[in-house]
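Below, chain A is the first sequence line, B the second, and so on; all start at residue 1.
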Amino acid sequence: MTTQTSSRAPGEAKRGFGGLPHWVATLAPVWTLLALFIFFGVASQSFLRPQNINNILVQVSTLAIFGTGMTFVLLTGEIDLGISSTAAISGMVAAQLFANNNAQEPVPLIAGLLVGTLLGLLAGITSTRFRIPTFMSTLAVSFIGAGLTTYVSKGRTITTLPEYARFLGSGRIFTDETGRGGFPFIVIVAAIVMLIAYLVLRYTRFGRYVYMTGASKSAARLAGVNTNMILIAVLTISGFTAGLAGVVGMGRLGSAQPDPVPSYLLDTISAVVLGGTALTGGRGGILQTVIGLLIYGTLRNGLDNIPEIDIYLKEFITGVVLIVALIVNVVFAGRSARDKTAV
Amino acid sequence: MSAVLELRKVSIRFENIQALDSVDFDLLEGETHAIVGENGAGKSTMMRILAGVYTGYEGEYFLDGQPVHLQSPRDALSLGIGMIHQELSVIPELSVAENLFLGRQPLTPYGMIDWRLMNRTAQEELSKLGFADIDVKRPLGTYALGTQQVVEVLRVILSGAKVLIMDEPTSALSPPEVERLIQLIDTLRKAKRSIIYISHFLEEVMRVADRVTVLRDGHKVATVNQTDTSVNELISLILGREINAELPAATTQKDAHVLLEVRDLTADVFRNVNLNVYQGEVVGLYGAIGSGHFDLARAVFGMYRFDSGAVVVDGQTYPRDFSARYAIQHGLAYASESRRMSLFMEEPIFRNVMVPHLERLGRWLSPTRSTELDLSTPQIKLTGVHPDDPVNPVGQLSGGNQQKVAIARWLPFPPKVFIMAEPTRGMDVGAKSEVLTILRNFRNEGYGVLVVSSEPETVLSVADRIMVMSRGQVVADMENVNLNKDVLMRLL
Ligand SMILES: Nc1ncnc2c1ncn2[C@@H]1O[C@H](COP(=O)(O)OP(=O)(O)OP(=O)(O)O)[C@@H](O)[C@H]1O
Ligand SMILES: [Mg+2]
């Protein structure tokens, strides 16, 4: 497996930390994932059962959709703090249209996605037009989204969900005659979204510009890249994926909640960064995000599968493992850590 | 005189490059020792070893006769070795005095910063060195780059450095500012400080240095006394051959076709600038730093907003508020005076060369790696980037070679007009003449070239016609015959 980011030649003999070959070092997140897998496989009876693996996939699918958009944003060196609110309003709009306004499918779905996309676009335009850091503009969007959700829902949970959302979120395909078994559709949705993003980042000029913008905005501008358009585009993509995650996630949970799920935001950022996408931009990619998501999902699910662990300690343990994993990634990836000057 | 610092048989390797090979070096007390050599000769690498930045080298390092192995720049500073980096590390918002005492501000008995004492000491120290005219309470950012450089040097001295290492301190300074720095070095020499001075300006080297060490390809070629050598001897030691100091004269006659026309361009930092570049002509735009010439160049390329006026390339008037992308697609190329801002340091050379051209190679998709390599490799070789492996990251090249990449990047799809700000900044004599030859070749092939610079030598050696800008206005436009440095500097 090659990492899509590293623009280095595969054959180049780079040495990472402690003289390890470069590929061992760049694959640090993969080793972390394997280590966690082996650990939980040994420590827990239930962890490696197919049903549980299936669970892990379902659990990370919503995050994967969020994470795809977030990967674009982080690659440009920016951040999107609005995703959990955007997801909430998108889901709520879709549910409201279906339950109370008798909208026909696929109108609720499309409306939900549209709301998410527009909120992303709004953040992008305010940031670039008025030179507001995305940290602030997306924070503002997150309040707008949360506020609108409460307003639209009037504080009520909606349980009559549009068919499409229900199917995308909790449908299964390849079920047997009795309607049991089969493969969760949400995993396929997540996989398709990530595949498209992977192809875009890897093969299109836009994808290249995303990396370049993150590596150095000034250099990208001097080479004729319209970095403002790139920023607007990535935030819009992130808005779209947040909207999709909102609709799909609602389908999985079976209801549209009047409040955003705040943990979506931090879970997404943690997972993406765990995979090795840098917060400073220019490095990382979808393959890294996949690994990050799997590490995160494995950790969360694994802890649930060891009954001996005090449930009140789970958050704590998750935090400790995250820190260790991040340190491992950073230390292993340590590029020319000796040179303390900038050339 | 005793050696304060000595290297014996020092070698260091980076992957496939032997950056230094068994180099001996010594620095005597109170001497200014210049180091010269081609781009990539290993000068900066040697300084980084001396300053504790690179720790993985072979050979011995002595300080005052004692063997040492420094572990960090902090180590080096505690033993009295201070390095002044080319990129200034001063904080422009703080006052001169605060910058001088950064991190070591004197305190009152109550633990507050003793401003009075700090300002007084700062003023005293500056006066001692002949800079009584600097007001220590003013924010440092309000002073010219040269003064900031002086303050940086002083800060390193005040923090206890006996040995000062200066890596290309003058490459971004204008001539009067260079004078100021040279004056400071003379004062320091009288105060028995030892200085290592790296520069590509050999005349400057002959003025400041007591001894000169020449490096070539990681080897020490010679150490000579200033009194026993000359600029010409240094050039042949640096290159290992003679170069023809005279650049080839223009071979094409300027014809009447205007390639670039700038009409009445006005912005905050320049006013009513009119400028033509004819086909087959190199125009030099000279000005002191802060004259607005660099911003003018940016404006012509769509990177600096102007209020009125127009840019016309090959008869086509650019729309208002055109973008850099538009300019690239319509016949302009621009290389900024700051490499750090214009190159992707962590990306390989070939990617850096190809970024401006991706749009020509496919509407949606980015070109394949092999297409990019095919198109960029010849240009990388043509400009003489060394080492020339296109997959090396640009950040690992020496300063001058990074500059060659910045030029090579416009060659895969040549523009009509090249605008180059400081095309030879940080280049050794050999590379300088190569780059100037490349620019002349463009001219001979019928492109227009606009060279924007604050180094009189650069415009004098390459331009057919020289325009001088001062305080945002063009004050002179003349053929480059019988012009010299004095004439240009008097016009500022
Ligand atoms: N961190 C690094 N990794 C790999 N190669 C390096 C690194 N730093 C320097 N080099 C290589 O070592 C050689 C010497 O570089 P160095 O920066 O010392 O040159 P220099 O004499 O200072 O040149 P210039 O005048 O252009 O600044 C060059 O070939 C350069 O590419
Ligand atoms: Mg150097």
Side-chain angles (χ1 to χ4, degrees), chain A residues 2 4-16 18-19 21-22 77 128 131 196 199-230 278 280-284 333 335-343, chain B residues 14-16 44 48 51-56 72-73 83 85 87 298 301-303 323-329 334-336 338 340-348 350-352 354-359 361-369 389-393 395-399 402 409:
Chain A
T2 53
Q4 65 167 325
T5 58
S6 60
S7 32
R8 304 230 150 93
E12 244 174 310
K14 287 268 181 285
R15 299 258 148 187
H22 190 61
T128 51
R131 301 198 180 196
I196 294 173
L199 295 176
V200 166
L201 280 176
R202 170 133 198 165
Y203 294 108
T204 67
R205 198 176 72 227
F206 168 73
R208 184 72 70 76
Y209 284 172
V210 168
Y211 280 98
M212 294 293 172
T213 303
S216 165
K217 287 205 176 63
S218 67
R221 277 193 209 117
L222 282 168
V225 177
N226 187 341
T227 54
N228 282 346
M229 279 312 288
I230 302 294
T280 45
R283 316 203 138 250
R335 291 168 289 118
S336 61
R338 276 164 187 276
D339 188 352
K340 294 169 188 114
T341 54
V343 180
Chain B
F14 296 112
E15 284 127 41
N16 36 16
S44 299
R48 293 197 187 120
V53 178
Y54 290 148
T55 51
S72 69
M83 177 139 166
H85 292 282
E87 307 290 327
R298 266 189 272 279
F301 188 65
M303 295 288 291
S323 63
R325 175 166 166 257
Y326 181 91
I328 292 172
Q329 284 169 352
Y334 167 73
S336 142
S338 162
R340 186 186 287 276
M341 292 216 331
S342 57
L343 295 173
F344 300 95
M345 292 297 169
E346 294 182 1
E347 297 289 324
F350 77 94
R351 283 269 160 83
N352 271 281
M354 293 310 297
V355 238
H357 311 295
L358 298 182
E359 276 183 66
L361 296 171
R363 188 163 159 66
W364 297 104
L365 300 186
S366 58
T368 60
R369 189 184 163 86
D389 186 349
V391 301
N392 281 339
Q396 284 180 12
L397 294 174
S398 76
Q402 292 177 5
R409 78 151 36 148

K.L.:
Name the member of B:Asp389, B:Thr368, B:Leu358 that forms the most heavy-atom pairs with chain A at distances under 4.5 Å.
P.N.:
B:Leu358

K.L.:
Which value, rounded to the nearest 0.5 Å, describes the distance between A:Met212 atom CE and B:Arg351 atom CZ?
P.N.:
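A:Met212 atom CE to B:Arg351 atom CZ measures 6.0 Å (nearest 0.5 Å).
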
K.L.:
Where is the tightest heavy-atom contact between B:Arg325 and A:Gly224, given as atom of each residue plus distance?
P.N.:
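Residues B:Arg325 and A:Gly224, closest heavy atoms: CB-O, 3.2 Å.
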
K.L.:
Picking from B:Leu361, B:Asn352, B:Ile328, which has the most non-hydrogen pairs under 4.5 angstrom with chain A?
P.N.:
B:Ile328

K.L.:
Where does B:Glu359 contact chain A at under 4.5 Å (heavy atoms): side chain, backbone, both or neither?
P.N.:
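Both parts, backbone and side chain.
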
K.L.:
Looking only at non-hydrogen atoms, find the nearest pair between A:Leu222 and B:Phe301 and report the distance.
P.N.:
O-CE2, 3.6 Å

K.L.:
Check A:Ala220 against B:Phe344 and note the closest heavy-atom contact, atom names and distance.
P.N.:
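Shortest heavy-atom contact: N-CZ, 3.5 Å.
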
K.L.:
By a 4.5 Å heavy-atom criterion (distance strictly below it), what part of B:Tyr326 contacts chain A: side chain, backbone, both, or neither?
P.N.:
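Contact with chain A: none, neither part.
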
K.L.:
Report the residues that fulfil ring-ring contact (aromatic ring centres under 6.0 Å, His included) with A:Tyr209, sequence neighbours left out, ordered by chain and then residue number.
P.N.:
none

K.L.:
Against chain A, label B:Met341 side chain, backbone, both or neither, depending on which of its atoms sit under 4.5 Å from a heavy atom there.
P.N.:
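Both the backbone and the side chain of B:Met341 come within 4.5 Å of chain A.
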
K.L.:
Given that the side chain runs from C-beta out, which part of A:Arg221 has a heavy atom under 4.5 Å from chain B: side chain, backbone, both or neither?
P.N.:
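Both the backbone and the side chain of A:Arg221 come within 4.5 Å of chain B.
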
K.L.:
With a 4.5 angstrom heavy-atom cut-off, could you sort out which part of B:Arg363 is near chain A: side chain, backbone, both or neither?
P.N.:
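Interface part for B:Arg363: backbone (N, CA, C, O).
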
K.L.:
Check whether B:Ser323 gets within reach of chain A through its side chain, its backbone, both or neither, counting any heavy atom under 4.5 Å.
P.N.:
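For B:Ser323, there is no contact with chain A at all, as no heavy atom is under 4.5 Å.
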
K.L.:
Look at atom CE of B:Met303 and say whether more than 12 heavy atoms of other residues, nucleotides or ligands are closer to it than 6.0 Å.
P.N.:
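More than 12 heavy atoms, drawn from other residues, nucleotides or ligands, come within 6.0 Å of this atom.
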
K.L.:
With a 4.5 Å cut-off on heavy-atom pairs, point out which of B:Ala324, B:Pro356, B:Pro367 contacts chain A the most.
P.N.:
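Of B:Ala324, B:Pro356, B:Pro367, B:Pro356 has the most heavy-atom pairs under 4.5 Å with chain A.
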
K.L.:
Taking B:Ser342 for the side chain and A:Ala219 for the main chain, is one N or O donor matched with an acceptor at less than 3.5 Å?
P.N.:
no

K.L.:
For A:Arg205 and B:Gly362, indicate whether the former's side chain and the latter's backbone hold a donor-acceptor pair under 3.5 Å.
P.N.:
yes

